[in-house]
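Below is one structure, written out as C-alpha cells; comments come after it.
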Amino acid sequence: MSPTLAGGQEGAGVVDAYGRPLRDLRIAITPECNLDCFFCHMEGATESGPMRPGSWSPVLSVEDYDIIGEAASRLGVDSFKLTGGEPLIRGDVEKIVAVLAKYGEVSMTTNGILLPLKASSLRRAGLARVNVSLHSISEEVYEKITRRRAVKLALKGVEAALKAGLRVKVNMVLLRGLNEGEFWRILRLAEDLGFDLQVIEVHPAGRGRRVLSSFRRPIDVVEERLSSMAMAVETGRLHNRRVYRLPSGVRVYLVDPVENPVFCMGCYRVRLTWDGRLLPCIYWKGPYPNVAEALRRGGSRGEKVWRVMKVLLEANALRRPTYLFRLGDGQEPPRIGNRRGLRLALPGRAKAERLAYSSLEAPLIEG
Ligand SMILES: Nc1nc2c(ncn2[C@@H]2O[C@H](COP(=O)(O)OP(=O)(O)OP(=O)(O)O)[C@@H](O)[C@H]2O)c(=O)[nH]1
Ligand SMILES: C[S@@+](CC[C@H](N)C(=O)[O-])C[C@H]1O[C@@H](n2cnc3c(N)ncnc32)[C@H](O)[C@@H]1O
Ligand code: SF4
Ligand code: SF4
C-alpha cells in the first residue's frame with residue numbers, strides 16, 4: 001500500500017509561511033509552441049522564448065503526471081492548470097488530462113490553434129474548462145504580437161471549444177499602442193458568442209521583462225467603465241482577482257499582478273516545468289525542488305508518490321509573496337480579507353512553514 005503522511009497531515013492541506021494554502025498546481029507540459037509571442041513569459045521557467053514544434057522530447061510521462069497528481073492531491077491540491085509552451089502540441093495531452101482529472105479540476109490555457117482538432121476529445125477526457133489567448137481580432141495586430149497570421153485559426157478554436165461544451169474564457173494581454181483599443185470589440189464578441197473575458201497586465205517574466213516598460217498598459221484604462229457597467233463585482237478563486245459581472249451575463253476577470261500585494265496574497269499555487277522543476281513563484285530563479293529526479297529514483301508507485309509529496313513540500317516551504325505590504329513604525333497592517341476569511345499575513349507570523357517541514361521529519365507509515 002502507499003505511504004501516508006503521519007500526524008493527520010494528509011488531506012488537510014498545507015499552507016506556506018504566509019498563511020496561504022497550496023491548492024493549485026500549474027503544469028507546463030511542453031516548452032514547444034506554434035506561435036512566438038514577443039512578450040511570452042514561458043511561465044517563468046526560462047528567459048528564452050518557446051521552442052519550435054518537434055524540437056523537444058517529453059521528460060515527464062503520463063504515468064509521471066498520474067503520480068504527481070496523486071501526490072499533490074494528498075497535500076490538498078484540488079485544481080490543475082495545463083499550460084506550456086502550447087499544451088495542445090503534446091500528442092498525449094488528452095491522456096494527461098484524464099489522469100489528472102482523477103484528482104481535481106483540470107483546466108488549460110492555450111492559444112487555441114489546435115482546438116478544432118482537440119476540443120471534443122479533451123472534453124471527453126475530463127477537461128473542465130479552457131482559457132484561449134486572443135489578444136487581438138485584427139489579423140495585422142495578431143501577427144505583430146504572435147508573429148503568425150493565425151487569428152482566424154484562433155477564433156475557430158474558441159468556437160470549437162464552445163461547441164464541444166467547454167466553459168471558455170478568452171485571455172487578452174493589454175499592450176500599450178497595440179491592442180488596448182480592441183478590448184471593447186472583444187467584449188462584444190464575448191457577449192455574442194457566450195464566453196468570459198480575462199484582461200491581463202503584461203508581467204516582467206521571461207521575454208516580458210524586456211518589453212514591460214514599452215508595452216505595459218495598466219488595467220485602469222478599462223476598469224473604470226467596466227465597474228460602472230457591472231451588476232456585481234466578485235472575487236476570483238485565485239489571487240483575489242476582481243471579476244465584473246455584466247448585465248449580459250459575461251464575466252470580466254482582471255489580472256493585474258505587477259506590484260500588487262493583494263494579488264500575491266491570494267496566490268495558492270506552485271508551478272511545475274516541462275523538465276520537472278518546481279517554481280514557488282513565476283519570478284523564482286532557483287534553487288528548484290526537482291520532481292523529475294524524485295521520480296527517476298525508482299521504487300514502488302507508493303514510494304514515488306511519497307517522494308514527490310516531499311518535493312512539493314520543499315517548494316511550498318519556499319513560497320513567498322513577491323509583493324508584500326511594507327509597514328512603517330507603528331502602522332497597522334491593512335485589513336484586507338477575501339471570501340475564505342484569509343487575512344494578510346506578515347513575515348513575523350511564519351509558523352506554518354515550520355509545520356510543513358516538521359511533517360517531513362515524521363515517520364513514514366505504511367498504511
Ligand atoms: N504573476 C502571476 N501571474 C499569474 C499567476 N497565475 C496566472 N497568472 C497570469 O494570469 C494570466 C491568466 O493565466 P491563465 O493560465 O489563463 O489562468 P489562471 O491564472 O490559471 O486562472 P483561471 O483563469 O482561473 O483559469 C496569465 O497572464 C498568467 O501569466 C500567478 O500566480 N502569478
Ligand atoms: C505562457 S502562455 C502558455 C499557454 C498558451 N501557449 C497560451 O498562450 O495561451 C499562458 C498565458 O500567459 C500569457 N502570457 C504570456 N506571457 C505573458 C506576459 N509577459 N505577461 C502576461 N501574460 C503573459 C499568455 O497570453 C497566456 O494567456
Ligand atoms: S502562444 Fe503562449 S506559449 Fe506560445 S509564444 Fe504565445 S504566450 Fe508563449
Ligand atoms: S507570489 Fe505573486 S508574483 Fe509570485 S506567482 Fe504568486 S501571485 Fe505571481
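Every number for a ligand or one of its atoms is a count from 1 in the order of the listing.
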| field | Note: Asp196-Lys169 ion pair, threshold 4.0 Å (strictly below) | value | no
Please walk me through it: do Leu175 and Lys144 pass side-chain contact (heavy atoms from CB on, under 4.5 Å)?
CA-CA 11 Å; Leu175 299 160; Lys144 277 189 191 151; over 6 Å; no
Q. With a 4.0 Å cut-off on heavy atoms, does Val255 reach ligand 1?
A. yes
Atom 12 (O) of ligand 2 sits nearest the protein heavy atom His41 NE2, 3.4 Å
Atom 4 (Fe) of ligand 3 has as its nearest protein heavy atom Cys33 SG, 2.3 Å
Atom 20 (N) of ligand 2 has as its nearest protein heavy atom His203 N, 2.8 Å
Glu94 and Arg124 ion-paired at < 4.0 Å: no
If you scan protein heavy atoms around atom 11 (C) of ligand 2, the nearest is Thr109 CG2, 4.0 Å
For Thr83, the ligand 2 atoms with a heavy-atom partner under 4.0 Å come out as 3 (C), 4 (C), 10 (C)
closest protein heavy atom to atom 5 (C) of ligand 2 is Glu86 OE1, 3.5 Å
At under 4.0 Å between heavy atoms, what of Arg237 touches ligand 1? The answer is neither
Can a donor-acceptor pair be found between the side chains of Glu86 and Asn111 at a distance below 3.5 Å?
yes
Ranking Arg167, Glu105, His203, Arg269 by closest non-hydrogen atom to atom 3 (N) of ligand 1, top hit is His203
When distances are taken from atom 19 (N) of ligand 2, the protein heavy atom at minimum range is Phe39 O, 2.8 Å
**Asked** How about Val308 and Asp64: do any of their side-chain heavy atoms sit closer than 4.5 Å?
**Response** no
So for Arg271 against ligand 1, with non-hydrogen atoms under 4.0 Å, the contacting part is side chain
If you apply the rule side-chain contact (heavy atoms from CB on, under 4.5 Å), what do you find for Leu88 with Ile113, and how did you get there?
CA-CA 9 Å; Leu88 295 183; Ile113 307 287; over 6 Å; no
- Query: Is there at least one pair of N or O atoms, one from Gly85 and one from ligand 2, spaced under 3.5 Å apart?
  - Reply: yes
shortest atom 5 (S) of ligand 3-to-protein heavy-atom contact is with Cys37 N, 3.1 Å
Could you tell me whether the side chains of Ser138 and Arg185 share a donor-acceptor contact shorter than 3.5 Å?
-> no
**OP:** Please confirm whether Gly85 comes under 4.0 Å of ligand 3, counting heavy atoms of the residue only.
**Re:** yes
- Message: Applying side-chain contact (heavy atoms from CB on, under 4.5 Å) to Arg301 and Asp66, what does each step give before you reach the verdict?
- Response: CA-CA 10 Å; Arg301 179 185 164 101; Asp66 192 351; 3.3 Å; yes
Work out whether the distance between some heavy atom of Arg26 and some atom of ligand 1 is less than 4.0 Å. yes
Among non-hydrogen protein atoms, atom 8 (Fe) of ligand 3 lies closest to Cys40 SG, 2.4 Å
The answer for which part of Arg241 has a heavy atom under 4.0 Å from ligand 1 is side chain
query: For ligand 3, is there an atom lying under 4.0 Å from some heavy atom of Gly84?
result: no
of all protein heavy atoms, closest to atom 10 (C) of ligand 2 is Glu43 OE2, 3.5 Å
Closest to atom 25 (O) of ligand 2 among protein heavy atoms sits His135 CE1, 3.1 Å
Check: of Thr322, Ile200, Val202, Val199, min heavy-atom distance to atom 11 (C) of ligand 1 comes from Ile200
key: Geometric cation-pi criterion Arg225 and Trp184, 6.0 Å radius, 45° cone   = yes
**Q.** Test item, Arg207 contacting ligand 2 (heavy atom, 4.0 angstrom)
**A.** no
Honestly, for Glu43 the part within reach of ligand 1 (heavy atoms, under 4.0 Å) is neither
Looking only at protein heavy atoms, what sits closest to atom 9 (O) of ligand 2 is Ser133 OG, 2.6 Å
